[in-house]
Number of protein chains: 2
Amino acid sequence: MRGKKGYTYEYARPALTVDCVVFGFGGGELEVLLIERGLAPYEGWWALPGGFVRVGEDLGAAAGRELSEEAGIDAGYLEQLGAFGAPGRDPREHVVSVAYWALVRPGDYRLAAATDAVAARWHGVGALPRLAFDHGEIVGVAVERLRARVRHQPVGFNLLPEKFTLTELQGLYEAILGEGLDKRNFRKRVLALDLLTALPEERREGAHRPAQLYRFDPDKYARLERRGFHFEL
Amino acid sequence: MRGKKGYTYEYARPALTVDCVVFGFGGGELEVLLIERGLAPYEGWWALPGGFVRVGEDLGAAAGRELSEEAGIDAGYLEQLGAFGAPGRDPREHVVSVAYWALVRPGDYRLAAATDAVAARWHGVGALPRLAFDHGEIVGVAVERLRARVRHQPVGFNLLPEKFTLTELQGLYEAILGEGLDKRNFRKRVLALDLLTALPEERREGAHRPAQLYRFDPDKYARLERRGFHFEL
DNA sequence: CCTTTTCGTGTGGAAATGACACTAAGTCAA
DNA sequence: TTGACTTAGTGTCATTTCCACACGAAAAGG
């Protein structure tokens with residue numbers, strides 16, 4: 001109900017927000033995008049980008065909008081993580097947040113702090129600062145989810161440039177899973193999945209043999225997906 | 001803000017509800033608990049038990065409360081499924097629902113329609129009626145999640161009585177996964193996990209050899225869980 | 001005591017997994 | 001031009017896991 005100075009409801013309602021855990025891959029490490037809050041509460045703390053859901057707006061759309069508003073990012077992959085609604089998580093009032101996690105390619109964005117953010121920056125997941133609200137917990141759940149997802153579905157490609165080498169891909173998997181992988185076995189498995197297309201070019205950089213470039217082929221994946229299948233890394 | 005006739009906020013807020021997909025196991029089939037709505041919209045339709053989240057109330061607690069209010073059920077296992085917030089899912093206004101799924105043992109409840117429900121009844125997942133709102137979709141996601149979860153974590157025991165036979169357990173898994181399993185391999189695998197304790201009793205019913213009774217041992221599971229492990233069915 | 005019904009058990013062949021080390025191809029500097 | 005250096009790329013074998021498969025055991029009831 002629209003009144004003179006606000007919207008009135010018969011029963012009290014918690015506020016509803018979305019927060020995004022945006023993953024990137026840089027410097028051989030898995031990174032998370034954080035913004036520095038410019039407003040109370042938690043002014044000056046690092047937090048996840050996010051904001052209020054508008055009435056009539058889809059949750060996923062709200063997450064995408066906040067991402068683009070607060071950090072100039074267009075996510076290649078966006079998936080819901082879950083709802084976080086512990087009563088004390090926001091000191092002001094009861095705020096329920098629907099968290100999303102996203103994967104972005106380096107280059108599909110330009111960091112731009114805006115709205116109520118002072119700064120936006122990538123942080124390695126290994127050494128995060130203390131986060132505002134319950135965002136530390138949310139990031140933890142997101143990392144777990146990413147690890148589980150990456151083993152069974154080809155989402156990792158959204159963190160690499162379109163053309164990449166197998167060594168780069170392996171480095172990405174090692175960074176996400178936090179463990180070393182055997183080079184020969186990794187290549188065997190990845191190629192056996194038949195999701196990659198070898199490009200007619202190589203990457204030539206440095207004093208050594210050049211590396212074959214590949215790209216992820218969504219068509220091949222779609223074809224396999226259709227006739228029920230699953231893989232393990 | 002508390003006013004004469006309601007609560008007023010500066011910006012419009014979607015309403016926030018919880019809905020529960022309650023799984024049971026009866027007659028050799030996986031079942032879902034549905035209630036028949038007594039109020040518009042969708043009066044007379046079958047729907048998931050659920051209701052509004054109160055301000056200051058935890059989401060999981062709200063789910064548990066609605067379950068006990070609307071169906072007299074105390075869930076043995078309760079996990080969040082995710083938030084469903086498509087703008088048109090409720091014809092009245094924008095309602096975001098956080099869905100939970102639960103497992104209950106036959107006997108840990110007595111069905112009791114209450115609140116705004118006309119009736120509460122179990123329905124086999126194979127032949128559900130058309131559901132109100134987007135509840136059909138929610139049930140679909142829940143079944144998927146249950147299938148995935150049951151393969152990797154010992155949650156199925158929450159659907160069986162405390163004492164059960166391996167044949168019953170296998171029947172449960174077959175009902176959930178929707179496929180037949182090999183008896184000898186199933187028993188080998190389950191026993192190899194070392195999560196069950198054989199009881200000093202047998203189930204003697206009918207003109208045939210009696211079956212060994214087992215119970216799930218949470219301590220054994222906790223011990224394994226601690227030193228990182230994972231199993232597949 | 002014979003029939004019926006479900007309970008409970010082991011083996012072998014096939015496939016998947018995982019450990020492991022050297023050659024290939026390029027750059028650069030002597 | 002040649003040799004040193006660096007990263008790319010490749011195959012085998014032993015072990016483990018997976019999966020298909022059939023029959024004796026124990027009780028009840030007529």
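Protein chains get the first letters and strands the later ones, always in sequence-line order, with residue 1 at the start of each.
In this structure, Glu168(A) places its CD atom 13 Å from P of dT7(D), rounding to the nearest Å. Following rounding to the nearest Å, Leu181(B) (CG) and dC18(D) (C1') show an atom-to-atom distance of 14 Å. At whole-Å resolution of the value, CZ in Arg151(A) and C1' in dT17(C) are 14 Å apart. Rounded to a whole Å, the CD atom of Gln170(A) is 14 Å from the P atom of dT7(D). Remark: C1' of dG8(C) and CZ of Phe186(B) are 14 Å apart, rounded to the nearest angstrom. Taking atom CD on Gln212(A) and atom C1' on dT7(D), their separation rounds to 15 Å, with Å as the unit. The distance between atom CZ of Arg203(A) and atom C1' of dA25(C), rounded to the nearest whole Å, is 17 Å.
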Once base and sugar-phosphate atoms are separated, protein heavy atoms under 4.0 Å mark nucleotides 21-30 of chain D, 5' to 3', with B, S and - as BB-BBBBB--
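Direction change of the helix axis from one end of the helix from dC1(C)-dG30(D) to dA30(C)-dT1(D) to the other is 10°, with five pairs defining each end axis (rounded to 10°).
For the pair Thr167(A)/Arg187(A), a side-chain contact is recorded, criterion being any heavy-atom separation below 4.5 Å from C-beta on. Side chains of Leu196(A) and Phe164(A) form a contact here, defined as non-hydrogen atoms less than 4.5 Å apart. Within the 4.5 Å cutoff, the side chain of Phe157(A) has no heavy atoms near those of the Pro218(A) side chain.
Residue contacts shown for Thr167(B) are limited to sugar-phosphate atoms, with no base heavy atom under 4.0 Å away.
A salt bridge does not link Glu137(A) with Arg89(A): every distance from a Lys NZ or Arg NE/NH1/NH2 to an Asp or Glu carboxylate oxygen is 4.0 Å or more. Ion pairing between a basic and an acidic side chain is recognised when a charged N comes within 4.0 Å of a carboxylate O; Arg149(B) and Glu79(B) show such pairing.
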Test side chain to side chain contact (heavy atoms under 4.5 Å, CB included) on Leu172(B) and Val150(B) and set out the steps. CA-CA 10 Å; Leu172(B) 171 66; Val150(B) 90; over 6 Å; no
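Taking the six-membered ring where the residue is Trp, Phe133(A) and His135(A) present tilted rings, their angle falling between 30° and 60°. Using the six-membered ring where Trp is involved, Trp101(A) and Phe23(A) have ring planes that are perpendicular, over 60° apart on the 30 and 60° scheme. Aromatic ring pairs are classed by plane angle as parallel below 30°, tilted from 30° to 60° and perpendicular above 60°; the pair His152(B) and His152(A) is tilted.
Remark: the backbone N or O of Ala83(B) is paired with a side-chain donor or acceptor of Gln80(A) at under 3.5 angstrom. Not one N or O on the side chain of Arg121(A) forms a donor-acceptor pair closer than 3.5 Å with the backbone of Leu34(A).
At a non-hydrogen distance threshold of 4.0 Å, nothing from residues 190-200 of chain A comes into contact with DNA chain C.
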